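Notes follow the structure.
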2 protein chains.
Amino acid sequence: MASIRSWLSIRTGSPFSIANIPFGIISTKASATPRPAVAIGDWALDLAEFSANNGFSGLSTIQPHQAVFSEATLNAFAALGRPVHAAVRKYLQSVFLLDTPFPDVLKNNKSLQNSALLALKDVQMHVPFDIGDYTDFYAGLNHAYNVGVLFRGPSNALQPNYKHLPVGYHGRASSIVVSGTPIRRPRGQILENPAAEKKVPIYSACRKLDIELELAAFVCKSNPLGAPVPIDEAEDAIFGVVLMNDWSARDIQAWEYVPLGPFGAKNFGTSISPWVVLADALMPFMAKGLENENELLPYLKQRSEKNMYDINLKVELATSAGNTTTLSETSSRNLLFSFPQMLAHHSVTGCNMQVGDLLGSGTISGLEAHQRGSMLEQNENGKTAIKLSGGEERKFLEDGDTVVISGACGSDPNALVGFGECSGTILPALKS
Amino acid sequence: MASIRSWLSIRTGSPFSIANIPFGIISTKASATPRPAVAIGDWALDLAEFSANNGFSGLSTIQPHQAVFSEATLNAFAALGRPVHAAVRKYLQSVFLLDTPFPDVLKNNKSLQNSALLALKDVQMHVPFDIGDYTDFYAGLNHAYNVGVLFRGPSNALQPNYKHLPVGYHGRASSIVVSGTPIRRPRGQILENPAAEKKVPIYSACRKLDIELELAAFVCKSNPLGAPVPIDEAEDAIFGVVLMNDWSARDIQAWEYVPLGPFGAKNFGTSISPWVVLADALMPFMAKGLENENELLPYLKQRSEKNMYDINLKVELATSAGNTTTLSETSSRNLLFSFPQMLAHHSVTGCNMQVGDLLGSGTISGLEAHQRGSMLEQNENGKTAIKLSGGEERKFLEDGDTVVISGACGSDPNALVGFGECSGTILPALKS
Ligand SMILES: [Ca+2]
Ligand SMILES: [Ca+2]
Ligand SMILES: [Mg+2]
Ligand SMILES: [Mg+2]
Ligand code: NI
């Protein structure tokens, strides 16, 4: 896609090109009230301010709904539905065009530029939705296989259900935090020697603190309890996508998770990137995902084979000693099930989805070692060490480590549809 | 405890004696706005109306906070803390006393009686809290053992972690419904022949629809992310308790739950009783729970040995043919971990609990067959049939069946601290 020129100076390589227009919730020193914004280049356009100053004068369809831009979350905007999100995005793109048909709205309106275009470095980002429920899936086939090999060997690596349904579990919504929030190393029960005959746990700081590279999608459409969402309607229920780091305490997880799944090993913090890239902005980047040799049941069959996003993903680790290493680079095509499939499966028994629900993809790993989205896979559950730049090594995360996930679609550096960053720094465990 | 007399006529055997004073959220035909109330005898005292008409004139501590009684949920009232809940309950008890020190508030105020005392049969009940997150534990030792025997045999019935920590998993908050809400039989993936070599699921209506008899506690205190709740403070975080039926699709569950736990088999509906019995009202009924031969880690050690509620619980099944059978009678002492222990464990890795969170106990079963809290245990996973009155039989629930859980503390029929009912009727599955 040829890049589109704007009257606003957008630096080459910005994840927030005019082709993107992601939505988030901001606050500033001058105004502590959280409110919606879009990111463009190095700026946030404050939609509360923009809307209050006739910014939407050229888009009549949104005018009766402008109260959504004074909300502290994106829930109300999301609930307006995908045609409205698409119209607002397209209108805002047109406002920023070099040859904008609406020059008086912002291009020639210095006063509104001053009050509504805020430098990204000066805005505080917030969790963009009131998240009613958060569900984490496990659709990263390579990750599931790699972890299965480590714990059960290659012949039983995947459970019999794995390719028939998007395996998932309910997660903890309250501990979802926005990028930049520090993560406290958890304490909990671990088995010091899992091989010992007698299983007696100790109370300890986590010794196997890990990351999980994931995407996550926000839901924008609700269904009543008892009424599953048909797969053909599920796409309309996906508002947009963020990057997610599902921090994981592997030693706590190993002891607690049989038979009811991960619990305290996951609920101490889950980081998401602050700018939600609209599903519409991702449509030019649809691609085929991983092959599934199984015939899916009809409720999971999507019309298009190109049901995955092709997002280039990167995980970097910065140590407190100042060394930064790329841990992983992969593509979000490495998923066996799409978000619409996850949503159709989530609701198949009748579960009521709600606007603002968050669906995690599961850890995304490619086939190669340097494409793996967790340290557990890279170090074979602590057997080998990961070499970092500057001569450092890691099995799992140490205190002071900062993990930064980034991702973007596209190759034209002036037309990237990017996510920015999802980062977090490990704080030492509390004294017991 | 000798029963206390009231100027209000409270029928013998009422679960809502003057010793109780449970809180709920009501609406009426005349006023559709949901608002807080307490139950007493066959009446609900509308606290919005009571508060607006100087009902709390005798309790100065609540006066600055009376806005909580105009809220549509109990979250704001709960957030005031247990000393306030206790003071409000005690004050309301005194208002209803035969020799009330505040006769002008209600006893001699016919006008307020007419507007604020509403017949229970005329009020609509609502889910009493905005539930941010719901977690279901598995602390019913006998249930866990019985199910373990069915699936793994007696020597491996309990997992090694079972007696060291309250096993639990995150549940689905959106599908929690109030007693009386019909439950649609779910459809989903099941294995028709689990013993077959090749595991190929079919899409089917659930054939093993079951109940789980549980208690559930609402949380009234929040902790910041990264700061676990010490066990000695956990009791202060329990607002009160309801009865819960964790409807379960056993065939869907068996296929989906390895390795990440139950998902669609549980998220199609979870019923709770509408009146929340305050933790303070339950204090006279504390008793010892089940023995745990393991030494617990300090973060789980509670000061008092009497850390369980002694609630007499009953499950009844009414068929569409008109036969009603008592399926189970047991006591809530049949738990290995208490709600404060669950909360301490839930937060041990740093998870932030929030006001309105709901904690399920896990299925409560006694040792005897007629004390088992699920049909799965009573029918040995479908091997035997449960005999009902009128010559009917059941393995699992049929369409049109109504399950009613009830429970009460105490033996004096004029001083019961009861929960009322948690009921639900099975609707047929949707056409596929
Ligand atoms: Ca995950
Ligand atoms: Ca349960
Ligand atoms: Mg929720
Ligand atoms: Mg929640
Ligand atoms: Ni909420």
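Values below: all heavy atoms of this structure, side chains included; hydrogens, waters and symmetry mates excluded. Being a predicted model, the structure only gives us computed values, none of them experimental. Protein chains get the first letters and strands the later ones, always in sequence-line order, with residue 1 at the start of each.
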Quick one: list whatever passes salt bridge (charged side-chain N to carboxylate O under 4.0 Å, His left out) with Asp357(A), sequence neighbours left out.
Arg172(B)
Most heavy-atom pairs under 4.5 Å with chain B, out of Arg185(A), Gln354(A), Glu256(A), Gln189(A), belong to Gln189(A)
Below 6.0 angstrom between ring centroids: does that apply to Tyr257(B) and Phe263(B)?
no
Can you name the residues that form a salt bridge (charged side-chain N to carboxylate O under 4.0 Å, His left out) with Glu295(A), not counting sequence neighbours?
Lys301(A)
With chain A, which of Gly261(B), Cys351(B), Pro186(B) has the greatest number of heavy-atom pairs at distances under 4.5 Å?
Cys351(B)
Kindly indicate whether the side chain of Lys208(B), heavy atoms from C-beta on, has any atom under 4.5 Å from the side chain of Asn381(B).
yes
So which of Gly350(B), Gly188(B), Gly264(B), Gly269(B) has the largest heavy-atom pair count under 4.5 angstrom toward chain A?
Gly264(B)
Among Phe129(A), Tyr134(A), Phe339(A), which one satisfies ring-ring contact (aromatic ring centres under 6.0 Å, His included) with Phe218(A)?
Phe129(A)
Could you name the residues of residues 138-148 of chain A that have a heavy atom within less than 4.5 Å of a heavy atom in chain B?
Tyr138(A)
Side chains of Tyr169(A) and Pro262(A) in contact at under 4.5 Å (non-hydrogen atoms):
yes
Give a yes or no answer on whether the side chain of Arg187(A) reaches the backbone of Leu430(A) with a donor-acceptor pair at less than 3.5 Å.
yes
Let's test your reading of the structure: which of Lys266(B), Lys198(B), Arg184(B), Met353(B) forms the most heavy-atom pairs below 4.5 Å with chain A?
Met353(B)
Hey, does Leu358(A) have a side-chain heavy atom less than 4.5 Å from the side chain of Val219(A)?
no
Using heavy-atom distances under 4.5 Å, tell me whether Thr181(A) contacts chain B through its side chain, its backbone, both, or neither.
neither
Would you please say whether a donor-acceptor pair under 3.5 Å links the side chains of Ser271(B) and Trp247(B)?
yes
Partner chain A: residue of Leu297(B), Asn352(B), Val348(B) with the largest heavy-atom pair count (under 4.5 Å):
Asn352(B)
Out of Ala249(A), Ala429(A), Gly171(A), return the one with the most heavy atom pairs under 4.5 angstrom to chain B.
Gly171(A)
Determine whether the aromatic ring centres of Phe137(A) and Phe337(A) lie less than 6.0 Å apart.
no
Could you look at Ser347(B) and say if it's the side chain, the backbone, both or neither that has a heavy atom under 4.5 Å from chain A?
neither
Contact between Leu336(B) and Gln341(B) at the side-chain level, heavy atoms closer than 4.5 Å - yes or no?
no
Measuring heavy-atom distances to chain A, does Leu296(B) have an atom under 4.5 Å in its side chain, in its backbone, in both, or in neither?
neither
Given a strict heavy-atom distance threshold of 4.5 Å, which part of Ile252(A) is in contact with chain B: side chain, backbone, both, or neither?
side chain
In terms of relative ring orientation, are His170(A) and His346(A) parallel, tilted or perpendicular, with 30° and 60° separating the classes?
tilted
At a heavy-atom separation under 4.5 Å, does Phe151(A) approach chain B through its side chain, its backbone, both, or neither?
neither
I want to check something: taking the side chain as every heavy atom from C-beta on, are Ile183(B) and Phe268(B) in contact at a cut-off of under 4.5 Å?
yes
Is it the side chain or the backbone of Leu225(A) that comes within 4.5 Å of chain B heavy atoms, both, or neither?
side chain
Is there side-chain contact between Leu397(A) and Ile211(A), with at least one heavy-atom pair below 4.5 Å?
yes
For chain B, which residues from residues 157-165 of chain A have at least one heavy atom closer than 4.5 Å to it?
Gln159(A), Pro160(A), Asn161(A), His164(A), Leu165(A)
Among Thr270(A), Asn245(A), Thr363(A), exactly one meets side-chain hydrogen bond (donor to acceptor under 3.5 Å, both in side chains) together with Glu212(A). Which residue is that?
Thr363(A)
Option in Leu427(A), Leu191(A), Thr349(A) with maximal non-hydrogen atom pairs under 4.5 Å from chain B
Thr349(A)
Would you check if Leu300(A) and Pro166(A) make a side-chain contact, meaning some heavy-atom pair closer than 4.5 Å?
yes
